[in-house]
2 protein chains.
Amino acid sequence: MRRSAAETKAAILTAARERFASDGYEKATIRAIAGDAGIDPAMVMRYFGSKEKLFATATDFDLRLPDLNGAPREEIGQAVVRHFLQRWRADDALQVLLRTGVTNEAAAERLREVFGAQLAPMIASFAGDRASARAALVASQVLGIALCRYILKFPPAVAMSDDEVIEWLAPTIQRYLTSG
Amino acid sequence: MRRSAAETKAAILTAARERFASDGYEKATIRAIAGDAGIDPAMVMRYFGSKEKLFATATDFDLRLPDLNGAPREEIGQAVVRHFLQRWRADDALQVLLRTGVTNEAAAERLREVFGAQLAPMIASFAGDRASARAALVASQVLGIALCRYILKFPPAVAMSDDEVIEWLAPTIQRYLTSG
C-alpha cells in the first residue's frame with residue numbers, strides 16, 4: 001500500500017513523538033523513528049531536514065487558550081484546569097515536551113515559551129499585575145498534576161476522575177490567577 | 001593522595017548523582033561515572049555491585065518530615081512547603097529522581113514510594129480521610145514548583161524568593177492537607 005506524502009509525514013510525526021517521549025531527545029534516533037514508521041531513514045531527513053527540526057515539528061504545541069474575558073470571573077480557575085486536561089489528552093506534544101524537557105534544553109525552552117508567551121498574555125488581560133509570576137504558578141500546578149498523574153503514575157492521582165482533579169485544583173488556579 | 005573507602009564511595013555517589021541527573025538513567029554509564037570520580041570502573045562495581053544498585057543508593061531519599069501534630073493546624077501548609085524547599089536543596093537525590101523518573105520506571109517507583117509511603121502516613125495522622133489522594137495532590141504541587149523553578153527554569157519561578165514561593169503555595173498545600 002502506497003502512502004501519500006501527508007500520510008507519510010503524519011506517520012513519521014507519530015513515531016517521533018513516541019520515541020522522543022520514551023527514549024528522551026538525545027537517545028531517540030532518526031533510524032529508530034524511521035523503523036517505527038516503516039520507512040527509510042533518508043525519507044525522514046528529506047521531509048524534516050534534521051533530528052532537531054523533526055523534534056521542533058513534533059512538539060509544536062499550542063495551548064489554544066479560550067478567551068476567558070467573557071467567562072464569570074469566579075469560574076476562571078475551573079475553566080483553565082478543564083481546558084488543560086483536554087489539551088493534554090488531545091495533543092501528545094505536551095507530554096513529549098514534559099518528558100524531554102527535564103534533560104533537554106531545547107524542549108525546556110519550548111515549554112517556557114508555551115507557558116510564558118501563550119499563558120502570560122491571557123492572564124495579563126484580566127489579572128492586572130504579576131502576570132508572568134501567575135503564569136509560572138499555574139504552570140507549576142498543571143504540569144505537576146500531569147507529571148504525577150500521567151508520567152509518574154501515582155496511584156491516587158491516576159484513580160481521580162477529571163471532575164475530582166478539577167474540583168481540587170480549580171481553587172488553586174483561581175487564586176494564582178486572580179488573588180492579591 | 002590516597003582516599004579512604006568512605007571517601008571513594010562518597011566521590012562515586014556524587015559523580016553518579018550528577019551523571020544520572022544530566023544523562024538520565026539509561027544513558028549514564030558506570031564508565032563515565034568512574035571517570036568523573038577519578039577511579040577505575042572495576043572499583044565502582046566492587047563497591048556497588050551494579051548500575052541498578054548504584055542508582056538505588058545514589059537516590060535513597062528521605063523526606064524527613066517533621067512531626068506536624070504539634071504545629072498549629074493553620075500553619076501546616078506553610079511548614080510543609082518550607083520543609084520541602086529545604087530538603088530539595090539539602091539533598092540532590094530528589095532532583096535526580098525527578099529528572100530520571102520521567103523516563104525510568106525504577107526512579108518513578110522510588111518517587112511513588114517517597115510520596116506514598118512517607119507523606120501519606122503523616123497526612124493520615126491529622127487529615128482524617130483520603131490521605132493518599134491528599135499526598136498525591138501535595139506531590140503534584142511541590143514537584144511541579146521544583147520542576148518549573150529548578151529544572152525547566154521558568155524565569156518568573158526562578159526569580160521568586162523562597163518566601164514568595166511559600167506565600168503563594170502555603171494556602172494550596174494547606175487546603176490539600178486539611179480541607180473537606
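We use all heavy atoms of the structure for the numbers below, so side chains are in, but hydrogens, waters and symmetry mates are not. Residue numbers begin at 1 in each chain, while the letters A, B, ... track the order of the sequences. The model shown is predicted, which means the values in this text are computed figures rather than measured ones.
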> Which residues in residues 32-50 of chain B have any heavy atom lying under 4.5 Å from a heavy atom of chain A?
Replying inline: none
>> I need the contact set between residues 11-23 of chain A and chain B: heavy-atom distance under 4.5 Å, sorted by residue number.
In response: A21(A), S22(A)
> Between A108(A), C148(A), A107(A), which has the largest tally of heavy atom pairs under 4.5 Å with chain B?
Replying inline: C148(A)
>> Nearest 0.5 angstrom please: K27(A) NZ to K27(B) NZ, how far?
In response: 10.0 Å
> What are the two closest non-hydrogen atoms of W168(B) and Y176(A), and how far apart are they?
Replying inline: O-CE2, 3.6 Å
>> So which atom in R175(A) and which in E167(B) form the shortest heavy-atom distance, rounded to 0.1 Å?
In response: NH1-O, 4.5 Å
> Could you name the residues of residues 89-105 of chain A that have a heavy atom within less than 4.5 Å of a heavy atom in chain B?
Replying inline: L98(A), R99(A), G101(A), V102(A), T103(A)
> In this structure, are over 12 heavy atoms from other groups packed under 6.0 Å from E164(A) atom CD?
Replying inline: yes
> Is it the side chain or the backbone of L152(B) that comes within 4.5 Å of chain A heavy atoms, both, or neither?
Replying inline: both
>> For a quick test of reading the model, state the closest non-hydrogen atom pair linking K153(B) to R112(A) and the distance between them.
In response: O-CD, 3.2 Å
>> Please determine whether the number of non-hydrogen atoms from other residues, nucleotides or ligands lying under 6.0 Å from atom CZ of R73(A) exceeds 12.
In response: yes
> Could you name the residues of residues 134-144 of chain B that have a heavy atom within less than 4.5 Å of a heavy atom in chain A?
Replying inline: R134(B), A136(B), L137(B), A139(B), S140(B), Q141(B), L143(B), G144(B)
> Between P171(A), P155(A), A133(A), which residue shows the highest count of heavy-atom pairs closer than 4.5 Å to chain B?
Replying inline: P171(A)
